[in-house]
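What follows is a set of notes on a single structure, which appears directly below.
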Amino acid sequence: MAIARGGEIPHPFRMGTIESEARKALNRLRRSVEKSRRELHALVGAIRSAEGDDFPATDYAGAEARIEEILAFLEEEGQRLEAKILLAGGLEPGRVRRSSS
């Protein structure tokens with residue numbers, strides 16, 4: 001089998017590359033959503049002090065709840081992806097322990 005243009009190794013020999021890219025993308029998205037949550041909190045602080053009683057607290061609480069839902073989804077998706085990777089490698093997801101180094 002020939003190496004693809006640009007030096008890329010063809011798919012059958014790239015074990016883990018797709019999974020690795022998926023984990024990286026998931027982590028980038030998680031960090032981005034966490035940053036969005038911090039920015040929303042900063043916005044709330046700024047607008048609440050400027051608007052006082054006119055501040056739409058319910059709307060902002062709803063926005064924060066939606067961000068938390070996205071973070072929960074990403075956590076579940078990360079666990080699903082990890083389990084799938086472990087199963088593909090012949091390991092049982094519930095029996096793998098991480099060492100604390």
Side-chain angles (χ1 to χ4, degrees):
M1 185 173 280
I3 293 181
R5 191 171 22 149
E8 259 188 60
I9 300 173
H11 178 1
F13 299 108
R14 284 186 296 153
M15 297 303 292
T17 301
I18 294 169
E19 293 87 355
S20 175
E21 288 302 313
R23 281 195 331 265
K24 288 177 185 177
L26 184 66
N27 287 329
R28 281 192 308 268
L29 181 56
R30 181 183 294 123
R31 286 189 303 270
S32 176
V33 174
E34 287 170 349
K35 182 174 189 234
S36 295
R37 179 175 53 188
R38 290 190 302 272
E39 294 297 332
L40 180 63
H41 288 172
L43 178 62
V44 166
I47 292 178
R48 179 173 279 159
S49 65
E51 292 189 356
D53 292 339
D54 290 337
F55 177 72
T58 305
D59 294 340
Y60 279 87
E64 185 172 359
R66 288 188 291 277
I67 288 175
E68 294 302 326
E69 287 176 20
I70 293 169
L71 287 170
F73 166 77
L74 294 174
E75 181 65 29
E76 291 170 9
E77 190 62 10
Q79 291 173 358
R80 186 189 70 81
L81 181 60
E82 181 178 306
K84 193 170 192 174
I85 291 168
L86 290 173
L87 284 173
L91 300 172
E92 189 177 331
R95 297 180 53 101
V96 175
R97 291 187 184 172
R98 297 177 192 257
S99 64
S100 56
S101 323

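FYI, side chains are in, hydrogens and waters are out, and symmetry mates aren't considered; it's all heavy atoms of this structure. These figures come from a predicted structure and were not determined experimentally.
- In terms of the ring-ring contact (aromatic ring centres under 6.0 Å, His included) criterion, residue partners of F55 (sequence neighbours excluded) are, by chain and number, Y60.
- A donor-acceptor contact shorter than 3.5 Å links the side chain of S36 to the backbone of S32.
- Here the straight-line distance linking atom CD1 of I47 with atom CG of D59 works out to 10.5 Å at 0.5 Å rounding.
- Criterion: ILVMFWY side-chain heavy atoms under 4.5 Å apart, direct or through other members. Under it, V33 and L81 are not part of a common hydrophobic cluster.
- Remark: R30 pairs with no residue by the salt bridge (Lys or Arg N to Asp or Glu O under 4.0 Å) rule, at least two apart or across chains.
- For E64, the side-chain hydrogen bond (donor to acceptor under 3.5 Å, both in side chains) criterion is met by H41, not counting sequence neighbours.
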Donor-acceptor contacts under 3.5 Å from residues 66-79 side chains, at least two apart:
from : atom 1 : to  : atom 2 : distance (Å)
R66  : NH1    : G62 : O      : 3.4
E68  : OE1    : R37 : NH1    : 3.4
E68  : OE2    : R37 : NH1    : 2.9
E75  : OE2    : Q79 : NE2    : 3.3
E77  : OE1    : R80 : NE     : 3.1
E77  : OE2    : R80 : NE     : 3.3
E77  : OE2    : R80 : NH2    : 2.5

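- Heavy atoms only, all atoms of each residue included: A46 and S49 are closest at O-OG, 3.0 Å.
- In this structure, CG in L29 is found 10.0 Å from CZ in R31, a value given to the nearest 0.5 Å.
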